[in-house]
Amino acid sequence: MPTFDLAGRLALVTGSRRGIGRAIAEAYLAAGARVILNSPDATALEATASELGDNVLTCAFDVSDTEAADAALTSLFDEHGYPDVLVNNAGIQLRGPLTELPVEDWRRVVDVNLTSAFVVGRTVARGMIARGSGKIINICSVQNHLVRPTTAPYAAAKSGLGGLTRSMCAEWARHGLQVNGLAPGYLDTELNASLVADPEFTDWITRRTPAGRWGTPEDITGPAVWLASPASDFVNGQVIYVDGGLTAVI
Ligand SMILES: NC(=O)c1ccc[n+]([C@@H]2O[C@H](COP(=O)([O-])OP(=O)(O)OC[C@H]3O[C@@H](n4cnc5c(N)ncnc54)[C@H](OP(=O)(O)O)[C@@H]3O)[C@@H](O)[C@H]2O)c1
């Protein structure tokens, strides 16, 4: 279907060495795009790029390091032009009770999960606005909406990312950009390794999720292709839950 075709598009996916970011990168390649992979680890990133084959570029930087991100993106865009699609996917989780939480952990989670989307997003958006088109997808979470004990900085950052998504839409939609969020439920990735390994949690989450299972990174790829493609040109400022029904049912 041509409306879902990404041929000729250039897509930057942050945090794409593994997990959801890598799955989205692979789906974009399959839909015909060229993809720029990102991770702070340049050596490991090259290994991933060689596994993914042709049409793959790399741009290694820590998304929470504003100066490094701006420098890396400037030289990337000088060489390859501005991307058509940006996925702000890089994220971390640091769990702990609020009364014991070091402020450094709070700042680290907010920097990586939220501030990075502003920093990378505005740099990319400048080129998209000049061109009059672009798609930005912010990877949010069911924790935009539902929270659990011990995940306060993550829930605050992801809720903020929902607000940032709507704010980007408010300022940039008139310039031809579509900015939306995807909010995964509980997916089996390294981010959740301790929860996946916990039979009690797995029993609870599979009963709590109407679909009756952990999600996989591949569950996000269809919606991610849709939001990167012309098929979603009038979808803007939305956070779309991809959670097996978790947020629909108590
Ligand atoms: N898994 C879930 O259930 C779930 C649910 C809702 C939302 N999400 C969100 O989905 C996104 C991806 O999560 P995931 O489950 O795929 O996690 P993951 O398997 O832990 O992968 C995270 C990726 O982000 C990269 N990353 C971490 N910090 C970075 C930084 N400072 N700069 C650049 N890249 C960085 C990692 O790079 P390296 O590989 O080099 O370490 C890795 O490639 C996150 O935003 C997460 O919050 C996940």
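Quick caveat: nothing in here was measured; it's all calculated off a predicted structure. Both counts, for ligands and for their atoms, begin at 1 and track the order of listing. Along the sequence shown, residues carry numbers from 1.
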**OP:** Go through the steps to decide whether R108 and D62 satisfy the test salt bridge (charged side-chain N to carboxylate O under 4.0 Å, His left out), and finish with yes or no.
**Re:** CA-CA 12 Å; R108 180 83 191 131; D62 179 335; 3.7 Å; yes
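Ring geometry, Y186 versus F201: the interplanar angle falls from 30° to 60°, so the pair is classed tilted.
Every protein residue with a heavy atom nearer than 4.0 Å to ligand 1 is included here: G15, R17, R18, G19, I20, N38, S39, P40, F61, D62, V63, N89, A90, G91, I92, R108, V112, N113, I139, C140, S141, Y154, K158, P184, G185, Y186, L187, T189, E190, L191, N192.
R131 is linked by a salt bridge (Lys or Arg N to Asp or Glu O under 4.0 Å) to D84, counting only residues two or more places apart in sequence or in another chain. With sequence neighbours left out, A72 forms a side chain to side chain contact (heavy atoms under 4.5 Å, CB included) with C59, F61. For P83, the side chain to side chain contact (heavy atoms under 4.5 Å, CB included) partners are L10, L12, F77, V124, not counting sequence neighbours.
Checked for salt-bridge contact, K135 and D233 meet the test: a charged N lies under 4.0 Å from a carboxylate O.
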